[in-house]
Structure formats: structure tokens, C-alpha cells
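Note that the coordinates shown come from a computational prediction; the quantities given were computed from them, not determined experimentally. Order of the sequence lines fixes the chain letters, A, B, ..., with proteins taken first and strands second; residue numbering starts at 1 for each chain. Scope of the values below: all heavy atoms of this structure, side chains included, with no hydrogens, waters or symmetry mates.
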Amino acid sequence: MLIKVPLSWLKEYVDVTVSTAELAALLHMSGTEVDKIERPGDAWDRVWVGRIAALDRHPNADRLQLATVEYGRGRVKTVVTGATNLVVGAVVPYAETGSRLRDGHGDGAAFMTLEPRKVRGVMSEGMVCSAKELGLGDDHDGILLLDPALPVGAPLAEALGDPVLHLELQPNRPDCLGVVGVAREVAALLRTTLREPALAPVTYGTLPSTALDVRIEDPGCVRFTAAVLENVRLGPSPEWMQRRLAAAGMRPIDAIVDVTNYVMLEFGQPLHAYDARKLRGNALVARRATAGERLRTLDDVDRTLAATDLVIADAERPLGLAGVIGGEDSEISPATRTVALECASFEPRGIGRTATAHLATDVSAAARRFMWPLSADLPALGLARAVQLLTEHAGATLKGATDVYPAPRPRPSVSLPAADFKRVLGMDVSAAEARAALERLQFAVRSDGATLTVMPPAVRTDIAIPEDVVEEVARLVGYDRLPTTIPAGELPLHERHPLPELRERARDLLVGFGLTEIVAPSLIDPAWLEMLGVEGGIEALPPLRVENPTSVDRSAARTTLRASLLDAARRNLRQRAGVALFECAPVYLPRAKDLPEERQTLALVLAGQAEPARDGELWLARPRPYDLHDVRGVLDALAAGLGLQPKPGTEVPAPGLHPSRSRSVERGGVRVITFGQIDPRVAERWELPEATFLAEIDLAGMLEEVTPRVATAPSRYPAAYRDAAFVVEEQVGYGDLEREIRASQKSGLESVALLDVYRGPQAGQGKKSFAVRLVFRSDDGTLADADLEKAMRRIEGRLAHALGAVVR
Amino acid sequence: MRFVPAGTERIFVSGRGNLSDIAELRRQAMAEVDRAADLASLEGVRQRWLGPKGVLTLELRTIGSRPPEERKAFGEAANRLKGEVAERLEARLSALRAAALDLRLAAEREDLTLPPRRVRLGRLHPLTQTIREVSRIFATMGFETVEGPEVEWDHYNFELLNIPQGHPARDKFNTLWISNPLGGDPDRPVLLRTHTSPMQARVMEARKPPIRVIVPGRVYRFEATDAYHESVFFQFEGLAVDDRITMADLKGVLYSFARQMFGGERKIRFRPDYFPFTEPSAEIAIDCFVCGGTGGECRTCGGSGWLEMGGCGMVHPNVLRGVGYDPSKTQGFAFGCGVERIAMLRSGTPDIRLFQQNDLRYLEGF
Ligand SMILES: [Zn+2]
């Protein structure tokens with residue numbers, strides 16, 4: 001959570017003896033992240049502390065006045081102003097002609113440069129400024145009235161430009177939500193003393209239950225302190241308080257709201273104020289809502305409450321969502337004279353649930369603090385401080401106070417051996433050094449040299465185990481002191497991972513074949529899946545959906561890599577004539593009541609021109625589009641490179657692909673490989689050329705096909721070859737021919753190479769002829785003509801029998 | 001006496017020649033060889049002197065008709081001359097061939113500034129390259145690369161990492177939640193892992209210490225995408241657990257990583273930080289290698305002189321307990337860093353979106 005700490009406020013509790021930049025660095029390096037140092041005065045140029053020397057009526061306009069401003073060294077200017085809160089002698093910010101200011105009428109972000117100008121016939125030189133024009137707040141109703149003690153003529157930045165530390169806090173440190181908590185850190189870092197606000201103690205149990213009946217009826221409320229204050233005058237809070245609130249990012253409203261906010265910013269403990277007269281039965285009860293109970297909250301929303309919501313109620317009805325947002329019924333109004341103050345402790349989980357359910361992302365400042373583990377010691381501090389401030393600044397008198405704390409939490413204490421510092425950090429920290437560091441942080445420490453027993457300050461709720469104490473010491477000693485060593489223990493297990501290894505080899509091979517790897521978002525637009533098929537999607541399973549997607553195009557977990565590849569191909573084909581892309585990633589296949597199966601998949605696409613010419617170069621290039629044999633060649637080389645032996649599977653249709661130019665094989669219910677040309681209708685939909693070819697491979701299926709490589713020494717004997725042509729029916733595939741040729745020979749056949757496919761009169765109608773070269777070689781000796789003749793007769797016999805092939 | 005044709009010239013050969021005739025023959029033969037200007041005329045010279053009817057062949061045949069006391073000397077001299085002529089012919093032949101080849105090669109001159117025949121060059125995606133580099137570096141320190149599910153149970157992503165339901169730190173993770181079209185289990189919420197850290201718990205559940213693993217992979221956040229933020233991105237997790245691993249070991253391992261990845265001069269900085277699943281915790285930064293750590297106007301480090309790389313710390317005892325380890329006997333460290341962050345720094349990539357836009361004009365830079 002980002003909080004803003006004005007340096008001047010911090011200095012109330014601790015002496016800052018270093019520069020603001022050094023302070024920020026010390027905080028940052030000890031774990032309080034400094035997001036930035038804001039210096040509001042940095043933007044002020046030629047803005048001075050001025051004094052109203054005279055006020056005159058504007059001769060031509062009733063609503064305007066002429067203010068004579070003096071701003072030191074005898075400088076005097078007259079400005080025309082419509083402000084009504086000026087009096088002679090008021091000390092105000094004065095901006096000279098030529099200075100740049102925020103536009104008070106805009107959103108506060110725009111700047112304007114002041115020019116001398118005539119207003120209703122009178123020259124106005126410069127202006128007196130509102131808080132908004134200076135970027136000090138939202139107030140543009142009147143001129144910002146400054147402390148009369150400020151030196152007239154001083155640059156305003158010097159007089160008022162208070163640096164503000166923007167601190168990004170982590171939820172383990174709710175104590176730093178208050179300026180006092182930050183001051184505790186600073187005191188520890190600067191080795192100086194913390195000056196906590198001097199609080200007049202509030203005596204509890206002084207409030208008869210007839211005046212205010214405070215009850216806890218649900219353990220979601222841990223502690224409930226309350227006070228009743230009478231004779232409250234509802235005016236503005238003092239100017240110094242308003243300025244601090246504004247600097248810390250809160251808008252000043254009235255004394256009561258401002259005091260509760262001020263205490264929240266000072267200690268991190270939120271409070272809530274009720275008009276005590278509006279409490280029916282004079283009761284404040286922390287209880288669960290009954291489902292369906294209704295409440296109109298301060299943001300003008302009628303809410304229906306759930307049984308899980310913790311409310312603060314009076315004897316009859318809920319008054320507010322506890323710790324989250326107050327209700328209208330008991331709201332402070334100008335007529336309020338008696339105030340009931342609530343300062344309580346809640347279970348953070350319940351607050352979080354209610355805040356999220358009712359306020360979504362617009363969670364109130366109080367709820368955001370209550371969602372962190374605030375100390376249960378804080379309500380007493382917060383209440384005492386609020387009573388003190390309301391007494392001082394709103395004329396209140398304390399009628400009495402009460403503290404309901406059914407199960408007081410013991411102050412945690414942690415014991416640890418002094419050797420733990422070495423054990424965890426790997427560096428020597430003596431018990432004495434640790435003790436000194438902890439005491440700077442106001443920890444109570446007992447040590448016998450071997451063991452330390454430490455008790456953190458009550459506001460620290462993050463110290464529970466020895467490691468927490470070790471971190472406290474380490475961060476004060478400085479993480480810079482940690483040495484750099486290498487683990488010395490026993491060497492761990494180191495397993496092999498066949499699937500990722502196969503995947504990485506496949507990646508390298510494909511890159512070698514000239515394909516480029518893409519990495520696409522794994523969340524896609526579900527409409528993409530529909531676009532892959534001719535009619536509807538290609539996958540049987542609907543994808544996992546993101547319940548709260550950032551946008552619709554990242555709302556489904558992809559069940560195929562195809563859409564991502566087609567999208568990448570389409571976009572790149574606007575720049576070039578051809579693409580060859582692949583991706584290796586899991587696809588997410590839903591399973592009922594379980595995590596999805598994440599199957600490692602490899603997919604590739606070849607589209608457009610196959611020739612790798614650049615920029616339309618034609619020199620040496622023979623342009624040709626990719627064809628089916630390119631994608632088959634890539635797959636063939638990939639299989640060879642990975643050492644795959646195809647295993648049998650079931651041939652299944654390949655939806656979204658050209659029905660006569662595709663192949664898909666299923667094994668064990670999983671498509672292990674699919675490849676082919678995409679259906680021209682799909683191509684058109686994706687704005688891709690018809691010459692678009694893709695392949696999808698399931699890596700686990702591929703892993704099953706890996707055969708161990710057995711290296712054999714090459715034969716020392718010469719090869720002999722025979723060429724032959726076989727005429728077969730058109731439907732016989734070359735693969736059938738080669739398979740039968742190989743099946744006919746137990747050994748000696750080294751290779752079968754296709755020379756030509758011939759269709760024409762010499763083959764005959766509906767027939768074709770495959771010309772092949774058969775290379776024979778034996779490991780045992782030179783083959784004789786007779787051996788070759790025998791082999792050829794066996795081949796011819798087998799082909800004639802199995803395929804009806806005739807030798808041409 | 002015979003006359004032997006020799007181009008325009010006739011050479012006198014004495015049928016009863018003596019040794020001084022041999023010297024004359026050598027002079028004539030050598031001069032002819034040296035005069036041959038091309039391969040054809042050289043072949044003519046060979047035939048005339050050494051061919052079946054060549055001068056020297058015929059001369060040698062006269063040996064029988066010589067007086068016996070001359071035969072030996074004459075035979076030796078004539079044979080020696082034959083050898084010398086053959087040698088001279090060979091040398092001349094090589095010289096003529098070399099000259100002819102020189103001519104041919106000179107005529108075959110090519111313009112080497114023409115574009116070459118293009119080879120399609122594939123590229124490995126920069127994120128893959130970075131992940132491989134990370135795995136390789138940590139392998140040198142005994143870390144094994146493992147992978148885990150991206151769609152994950154709340155249990156592993158949060159509960160076992162000491163971030164129970166309602167823990168305020170959950171807010172930081174901007175979780176994307178999953179609904180299962182086949183029906184989910186209402187007691188076991190499913191999400192897209194917000195970090196690679198759930199693999200800490202999975203690895204520890206599946207193995208016994210000592211453990212040293214590195215886990216690269218995709219992670220997800222509900223995040224508006226801009227030049228520095230992605231909702232789908234990559235991290236790598238490191239985990240080392242045994243009975244004595246310390247925070248100094250953590251710093252040492254990351255120091256070694258930083259130097260292997262970004263250069264031997266790099267410095268590393270640990271700053272206290274907070275993660276529910278480590279205690280103590282630290283933010284890791286390396287000194288900015290663009291400005292040399294001086295900061296100032298440097299845009300790479302925003303003027304701080306330091307580049308934040310990720311978070312780390314000692315595995316929280318609650319996490320060890322959650323996977324069934326005994327925190328009094330086991331301890332370890334964990335760290336997590338962004339892959340894109342490293343790839344951007346190493347390549348100067350200005351916008352994180354470039355990684356998943358897959359514009360070849362960008363990818364071809366790797
Ligand atoms: Zn830099």
C-alpha cells in the first residue's frame with residue numbers, strides 16, 4: 001500500500017539529522033520501500049509569501065476586489081480577485097506574472113502561465129492562489145491562508161515546500177501505516193530517540209451502559225474501544241492539521257472527520273464517529289448481519305447484507321459495515337453535538353471478504369488498513385489520541401470511555417539461540433550486536449549470551465518465529481554485510497527429463513531447417529478456435545475460461561497452437577512473401593474436477609513463398625510457393641534428426657485441413673501428429689494464402705517413437721544396384737510399394753530410391769508407373785549377379801502378389 | 001645417315017654417333033621442349049624424340065652396331081639423355097597446364113558483390129534463448145531444470161506458500177481465476193499460476209533434500225499490458241534445500257548467476273523485502289551495466305544505478321512444514337526472477353510486448 005509521509009510530520013516524532021535523500025536511502029535499504037520523494041514546492045516558480053496590504057472595491061464589478069499584495073523588499077502589486085476569504089493582513093501565496101500554476105478550474109493536472117491582464121478595466125498583475133492552484137489540495141473555494149508567522153517575501157517553496165516520502169508498504173508492516181511507525185524505523189536507523197505523542201490516558205469503564213452499550217457478539221471483532229464526547233462544535237479542523245492531511249493525500253472535511261483521519265494516518269488505526277443521538281438503545285454492537293438486512297452506506301448506495309458481513313449495529317439496525325464503510329443513518333451532521341467514537345480491532349480476513357464483496361476494487365482507506373494485521377493494542381492508543389484532539393480542537397468534553405476486549409492477545413515473545421544468526425544468514429552476528437540492533441527497534445531483549453528472548457513493540461505484529469528476529473537484525477546490520485558463498489552440502493539428485501530434452505532437440509532441428517520460433521500468448525480469444533474449422537472449432541473439448549480476463553482476446557486457455565501460428569503467419573505475411581514458423585508450448589486440455597492436462601505440443605506453419613529471397617529479390621531465386629512436400633520434408637527430417645521410428649496408430653480425419661492433402665494419426669486417444677494444407681475456406685478466413693501448410697505434433701506421442709540409436713560400422717563391400725519400373729493401379733501409394741519391397745528382403749537391400757512417377761499411355765489407363773533404384777549391399781561379401789537376380793525375382797513376385805504390380 | 005623431320009628444321013644424327021653427338025642431341029632436344037608454346041606442340045616434341053619412332057628411340061637401337069667397347073658408355077649416355085628429355089617434357093607440360101589454367105580462371109571472374117544464394121535462417125525465440133542460458137548457468141552450480149503446471153490449484157499457488165485465504169499479500173498477485181467447462185471442484189479453486197513458486201512446494205513434496213532445482217515457465221497476472229507489463233510472461237524459480245544452506249549461499253549463487261549472465265564485473269545488492277513464503281526475504285538487484293551504477297540520467301535503471309532482478313529469501317518454516325519437512329532439520333533458499341526482464345536488458349528490447357507479438361523483423365534480430 002502506498003502511503004505519503006510529509007517530512008515535517010515525521011519530524012514531530014524523530015529528529016532527522018540527515019538529508020531527505022539520505023533518509024530515503026536508509027529507509028529503502030532497510031526494507032521500507034521509498035517509491036519517490038515528492039517535493040510540492042519544486043513546481044513553484046516565482047511564487048512568494050505575500051501579505052494583503054489593502055483591499056478595495058473593484059470600480060466596475062461588485063463581486064471583484066482589488067487586493068494590494070506586498071511581498072518583500074518593497075515589492076507591491078495589485079491583483080483583481082473574486083475570493084471572499086481575504087482580509088487585510090492575511091498572509092497568502094502570491095504568484096508573480098510569468099509564473100506557472102495549475103489551472104484551478106481544470107482537473108488540477110493542466111498548467112497555465114500567468115500574464116498581466118485587464119479585468120473589467122483594471123490591470124491585474126499576478127494572482128493570489130488557492131490550494132488547488134499550488135497542487136496542495138482540491139480546494140479552490142478560497143485563497144489558501146498561510147500561517148501569519150511565515151516571512152513575507154520568502155519564496156513559497158522555502159516556506160511551505162515540505163518533502164513528502166511516498167512509501168510502498170508490505171502487509172507484514174501495518175505498524176508503518178502510521179507516521180509514528182515510520183518514525184520508529186527512522187529512529188532505529190539514525191540511532192536516535194522516538195518521541196511518541198504524549199497522550200492523556202483515557203480511563204475506561206467510566207461509561208455507564210445506559211450512556212453507551214458496547215458489545216462484541218462475534219469473534220470477527222477482536223477489541224472494541226469507544227468513547228462518548230459531548231459539546232462537540234463541528235467546525236473546520238486547525239490549519240496545520242488540514243495541511244498535513246492534504247500533504248498525506250486526504251481531503252480536509254471537518255474537525256471530526258479530520259481528527260479520525262489524522263489519527264489513522266498517525267497510528268495506522270482507523271476510527272469511526274457516530275452521532276450518538278442517532279444510536280437507538282444507545283448501543284454499539286459488533287455482530288454478524290442477518291442475511292438480507294439492508295444498509296444505506298455513506299457512498300449513497302443501498303446495500304443488501306450477507307450473513308458473512310460483520311456490522312456495527314445499534315439496538316435495532318446495522319449502522320455500518322464494520323471497518324469497511326459507515327452508514328447514513330448515524331452520520332455526523334452539522335447538528336451533531338454528541339459523538340460516539342469507535343476504535344476497534346477486527347479479523348482482517350472478514351474485512352477483506354466484506355470489502356471485496358461490497359466495494360469491489362474501490363476499497364476504503366479504513367478497510368485497506370483493516371485488511372492488514374493491525375495490532376490489537378492500537379485501538380486504545382487511537383481512541384486516546386482522538387479524544388485528545390477533539391477536546392483540543394472541537395471543544396469536546398469526554399463523557400466516558402469503554403474497552404471491550406474479551407480475549408486479550410498476549411504480547412508475542414520469541415526465543416532463539418544466538419547461533420541462529422549464523423545458521424540462517426551464514427555470517428557471524430554476536431548476541432550483543434543482535435541485541436543492540438533489536439533495542440534500536442524498541443524490542444525488549446533478554447540474553448544470556450547463548451539464547452535471546454525478544455519481545456517486539458506492541459504495534460509490531462510480524463514477529464512470531466526466530467527467522468523474523470533474524471531478519472530484523474540482518475536488515476539493521478545491513479544486507480550488504482552478507483557474504484557470498486556457494487552451497488557446501490551434499491550434491492543433490494539430478495534427473496534426466498526425456499520430454500523437455502526431446503523438445504529442445506526438436507527446437508534446434510527446426511531452427512536448423514530454417515524455421516523461426518515464436519512464443520505466443522497462451523491465452524487467446526475463444527472465437528479463434530471457432531475460426532479454425534470449416535464449421536465450428538476443430539477441438540472436441542471446450543477450452544478453460546478465465547473468469548476475470550483482462551480482455552476477451554486473452555480469455556481462453558488455448559487447446560491448440562494452430563490459431564496462434566496462423567495469426568503470426570498472417571501478420572508477418574503483410575511484410576514478406578513467405579514465412580516458416582514454429583512454436584513449442586503446452587496446450588491445456590480440460591479434465592472434470594481436475595487440473596487440465598498440459599500437453600507439450602510442437603506446431604509449425606509454412607506459408608506463401610518457399611524461396612528465402614529478401615525484399616522481393618529475384619536474382620538466383622526461383623520463386624515457388626510452399627507445397628505439401630515441404631511440410632512433409634520438415635517432418636521427415638525432424639523424425640530422422642530425433643531418431644524416431646513411427647509407431648502404428650489410427651488414421652483419423654483432420655478437421656480444418658484440406659481433406660485430400662492432410663493426415664492425422666491418433667494413438668491412445670491422442671492425436672499424435674496432424675499435418676497438411678489448410679482448408680482454403682479456413683485460409684480465407686485467416687487472410688492466408690492457399691499455400692499454407694501446417695503440422696502439429698504431440699511431444700509425448702513423439703517420445704514413444706524415439707528408438708535408441710545403435711551405431712553400426714559401414715560394410716566394407718561394394719554396392720550393386722538395379723533400376724526397375726513397376727506399373728500399379730492409381731490408388732496404390734508409393735509407400736505401399738516401398739514397404740512391400742523392403743518386406744521382401746531380410747537383408748542386403750540398402751536403399752530404395754524413387755526415380756520417377758509416370759502416368760501415360762505406356763502405363764495404361766488408370767495406372768501409373770514407379771521407377772525405382774534399388775541398392776544392394778552385403779556385410780559379408782561382394783554380391784554376385786546371381787544374388788541380385790534372385791533378390792529382384794523375389795521383389796517382383798511379392799509386388800505382383802501384394803499390389804498387382806507389373807514390371808515395365 | 002638419316003634425316004628426321006623436325007618441323008622446319010632437320011637434325012643430323014650420326015648413325016655411328018659418339019658421345020659428343022649425344023651432347024649435341026641434348027642441346028637440340030631441350031631447346032625444342034622449351035620452345036613448345038602449347039600442349040599440342042609439346043606432344044609433337046615428345047613424339048619426335050621419345051615416340052616409337054623418335055630420334056632417341058632410334059638412336060638407342062643402333063647400340064648393337066657399335067663396337068663392343070663403346071656400347072656401355074653409349075647406352076648409358078643415351079638412356080640418361082632419354083630420362084632427362086622426359087623430365088624436361090614433364091616440367092614443361094606442368095608449366096603449360098598451369099598457364100592454361102591461369103587463363104581459364106582469369107576468364108571465370110565472378111562479381112562477389114552480388115547477393116548470394118539465400119539460405120533460410122531460423123531463429124530461436126529470445127525467451128527460449130534466455131531460459132536456456134539461465135538453465136545452463138544454474139546447471140554449473142548443480143541445479144536441475146524442472147517444469148510444472150501453469151494451471152494450478154490455489155493450494156499450491158497460495159496455501160502451501162504461507163498465503164492462506166484472506167492473507168493480505170494475496171492482493172498483490174492479481175490472480176486470473178479459471179473456470180472449467182467440464183465442471184470444477186468448488187473446494188479446490190483453480191487459477192493460472194501467478195508465479196513459478198508453486199513448484200517449490202511440488203518439488204519438495206515429490207523429493208527429499210538435498211534439492212537444487214531451477215523452474216522456468218509461464219506465469220499470469222491480471223495486468224493491463226504496456227511497455228513494461230504483460231499479463232502472460234515468464235519467470236524462473238530457484239530452490240535449494242538441505243540441512244545447512246544459508247542466506248549467504250543464496251547471495252553467492254545469485255552473485256555467480258549475475259556475473260555469468262551479465263559479465264564478470266557485476267555487483268549484486270540485497271535489499272530487505274517481504275514475501276510470505278520466505279523469511280528473511282530480499283529484493284535482488286545488480287548494478288546497472290549501462291551507466292556503470294552511477295545512475296544520473298540513465299534511463300535503463302531510472303537513475304538509481306541498480307536494476308531490480310527479482311525476489312528471494314530463506315524458505316519460510318511454514319512452507320517446509322506444509323510439505324512435510326522438519327524445519328529444525330531442513331532449511332533452504334528460494335528465488336524468482338523475470339525472464340523478460342533479463343532478455344530485455346541483454347538485448348536492449350525496449351518493449352515487453354515485442355516478445356509475444358512475433359514480428360519476424362524483431363525476432364530476426366536474435
Ligand atoms: Zn543505469
Side-chain angles (χ1 to χ4, degrees), chain A residues 29-31 170-172 349 352 371-372 424-427 465 467-468 470-471 474-475 479 482-487 489-492 494-495 500 507 510-511 514-523 542 544-548 550 554 568 572 588 590 592-593 595-596 598 612-613 617 619-620, chain B residues 115 117-125 127-128 142 144 147 149-151 166 168-169 176-185 190 207 210-212 218 222 224 231-232 240 242-249 251-253 255 270-274 279-280 282 314 317 355-356 358 360-361 363:
Chain A
M29 287 310 293
S30 60
Q170 303 288 353
N172 64 326
R349 285 182 61 165
M371 284 157 73
W372 287 15
V424 175
L425 299 174
M427 69 172 174
I465 58 171
E467 281 76 6
D468 295 327
V470 172
E471 183 179 66
R475 72 186 184 90
Y479 276 16
L482 277 174
T484 50
T485 56
I486 286 293
E490 195 190 327
L491 205 62
H494 209 127
E495 286 187 334
R507 277 186 159 127
L510 290 172
V511 165
L515 281 80
T516 291
E517 188 191 18
I518 67 163
V519 171
S522 45
L523 298 178
L544 294 175
R545 294 297 188 113
V546 180
E547 279 176 10
N548 55 331
T550 52
R554 291 202 178 170
N572 280 295
Y588 314 88
K593 295 192 181 247
L595 295 181
E598 296 187 18
E617 191 175 271
W619 158 255
L620 294 181
Chain B
R117 179 163 282 112
R118 303 298 189 186
V119 171
R120 193 182 286 283
L121 183 57
R123 317 276 176 152
L124 212 49
H125 194 280
L127 294 178
T128 302
E144 170 189 340
E147 297 175 8
E150 297 172 19
V151 184
L176 291 168
W177 297 93
I178 284 293
S179 82
N180 187 342
L182 303 184
D185 181 342
V190 177
R207 297 182 178 195
I211 290 172
R212 279 184 220 174
R218 266 189 193 79
F222 183 95
S231 61
V232 182
D242 65 17
D243 57 351
R244 69 192 81 170
I245 279 180
T246 67
M247 195 146 177
D249 292 334
K251 197 172 177 185
V253 163
Y255 186 36
F270 268 24
R271 191 179 77 78
D273 204 339
Y274 169 70
E279 189 72 34
M314 299 300 290
F355 290 117
Q356 292 184 79
N358 297 308
L360 285 168
R361 292 169 297 175
L363 295 179

Check: Is the shortest heavy-atom distance from the side chain of A/L544 to the side chain of B/P181 under 4.5 Å?
Finding: yes
Check: Considering only heavy atoms, which portion of B/F355 lies under 4.5 Å from any heavy atom of chain A: side chain, backbone, both, or neither?
Finding: backbone
Item checked: chain A contact via B/V151 - side chain, backbone, both or neither, heavy atoms under 4.5 Å -> both
Notebook entry, point to check: Say you draw a straight line from CG of B/L127 to CD1 of A/I518; how long is it, rounded to the nearest 0.5 Å?
Noted result: 12.0 Å
Checklist line | A/Y588 side, atom OH; B/I178 side, atom CD1 - distance, nearest 0.5 Å | finding: 9.5 Å
Margin query: Show the nearest heavy-atom pair for residues B/G142 and A/P492, with the distance to one decimal.
Written below: O-CG, 4.0 Å
Check: In terms of heavy-atom pairs under 4.5 Å, which option from B/L176, B/D243, B/V232 contacts chain A the most?
Finding: B/L176
Note to self: Checking B/R207 against A/E495 for the salt bridge (charged side-chain N to carboxylate O under 4.0 Å, His left out) test, could you report, in this order, the C-alpha distance in whole Å, the side-chain angles of both residues, the deciding distance, and whether it holds?
What the structure shows: CA-CA 11 Å; B/R207 297 182 178 195; A/E495 286 187 334; 3.3 Å; yes
Check: What part of B/A240 is in contact with chain A, defined as an atom under 4.5 angstrom from a non-hydrogen atom: side chain, backbone, both or neither?
Finding: neither
Margin query: Looking at chain B, which one of A/L482, A/V519, A/L515, A/L510 has the largest number of heavy-atom pairs inside 4.5 Å, strictly under?
Written below: A/V519
Notebook entry, point to check: Relative to chain A, which segment of B/R218 carries a heavy atom at a distance below 4.5 Å: side chain, backbone, both, or neither?
Noted result: side chain
Note to self: Need one label for A/A520: side chain, backbone, both or neither, based on atoms under 4.5 Å from any heavy atom in chain B.
What the structure shows: both
Check: Quick one: CD on B/E279 to CG on A/D468, what's the gap to the nearest 0.5 Å?
Finding: 4.0 Å
Checklist line | Structural part of A/T550 lying under 4.5 Å from a heavy atom of chain B | finding: both
Next item on the list: Find out whether B/P280 and A/R475 are in side-chain contact, i.e. whether some heavy atom of one side chain is under 4.5 Å from a heavy atom of the other.
Entry: no
Next item on the list: Answer with side chain, backbone, both or neither: which region of B/D242 has an atom nearer than 4.5 Å to a non-hydrogen atom of chain A?
Entry: side chain
Margin query: Rounded at 0.5 Å granularity, tell me how far CD in B/E144 sits from NE2 in A/H494.
Written below: 5.0 Å
Margin query: Tell me which of these, A/N548, A/L491, A/I486, has more heavy-atom pairs under 4.5 Å with chain B than the rest.
Written below: A/N548
Check: Is there a donor-acceptor pair under 3.5 Å between the side chain of B/K251 and the backbone N or O of A/P483?
Finding: no
Check: Where on A/M29 is there a heavy atom nearer than 4.5 Å to chain B: the side chain, the backbone, both, or neither?
Finding: both
Check: Any side-chain heavy atom of A/R507 sitting closer than 4.5 Å to one from B/L124?
Finding: yes
Item checked: Atom pair OH (A/Y479) and CE (B/M247), whose distance is rounded to the nearest 0.5 Å -> 4.0 Å
Item checked: B/R120, CZ atom: more than 12 neighbouring heavy atoms under 6.0 Å -> yes
Next item on the list: Please check if the side chain of A/T485 supplies one atom and the backbone of B/D249 the other of a donor-acceptor pair under 3.5 Å.
Entry: yes
Item checked: Reported CE-to-CG distance for the pair B/M314 and A/L425, which is rounded to 0.5 angstrom -> 8.0 Å
Next item on the list: Tell me, out of A/P590, A/G31, A/P487, A/G489, who's got the most heavy-atom pairs with chain B below 4.5 Å.
Entry: A/P487
Notebook entry, point to check: How far apart are the closest heavy atoms of A/L620 and B/P115, and which atoms are they?
Noted result: CD1-O, 3.8 Å
Next item on the list: Spell out, as yes or no, whether a donor-acceptor pair under 3.5 Å connects the side chain of A/E517 to the backbone of B/R123.
Entry: no
Next item on the list: Verify, without hydrogens or angle tests, whether B/D185 (side chain) and A/K593 (backbone) share a donor-acceptor contact under 3.5 angstrom.
Entry: no
Notebook entry, point to check: Looking at A/P596, A/P521, A/P542, which has the largest count of heavy-atom pairs under 4.5 Å with chain B?
Noted result: A/P521
Next item on the list: Count the heavy-atom pairs under 4.5 Å between each of B/G166, B/S231, B/P210 and chain A, then report the option with the highest count.
Entry: B/P210
Notebook entry, point to check: Of the backbone (N, CA, C, O) and the side chain (C-beta and beyond), which part of B/L363 lies under 4.5 Å from a heavy atom of chain A, both, or neither?
Noted result: side chain
Next item on the list: Give a yes or no on whether the backbone of A/V546 and the side-chain of B/W177 come within a donor-acceptor separation of less than 3.5 Å.
Entry: no
Note to self: At a 4.5 Å cut-off on heavy atoms, which part of A/E490 comes close to chain B: side chain, backbone, both, or neither?
What the structure shows: both
Checklist line | A/R554, part contacting chain B, at a heavy-atom distance under 4.5 Å | finding: side chain
Next item on the list: Determine the minimum heavy-atom distance between A/A568 and B/N358, stating which atoms define it.
Entry: CB-CB, 4.3 Å
Next item on the list: Would you indicate whether the side-chain heavy atoms of A/T516 and B/L360 approach each other to under 4.5 Å?
Entry: yes
Check: What pairs with A/N172 under side-chain contact (heavy atoms from CB on, under 4.5 Å), at least two apart in sequence or on another chain?
Finding: A/Q170, A/D462, B/Y274
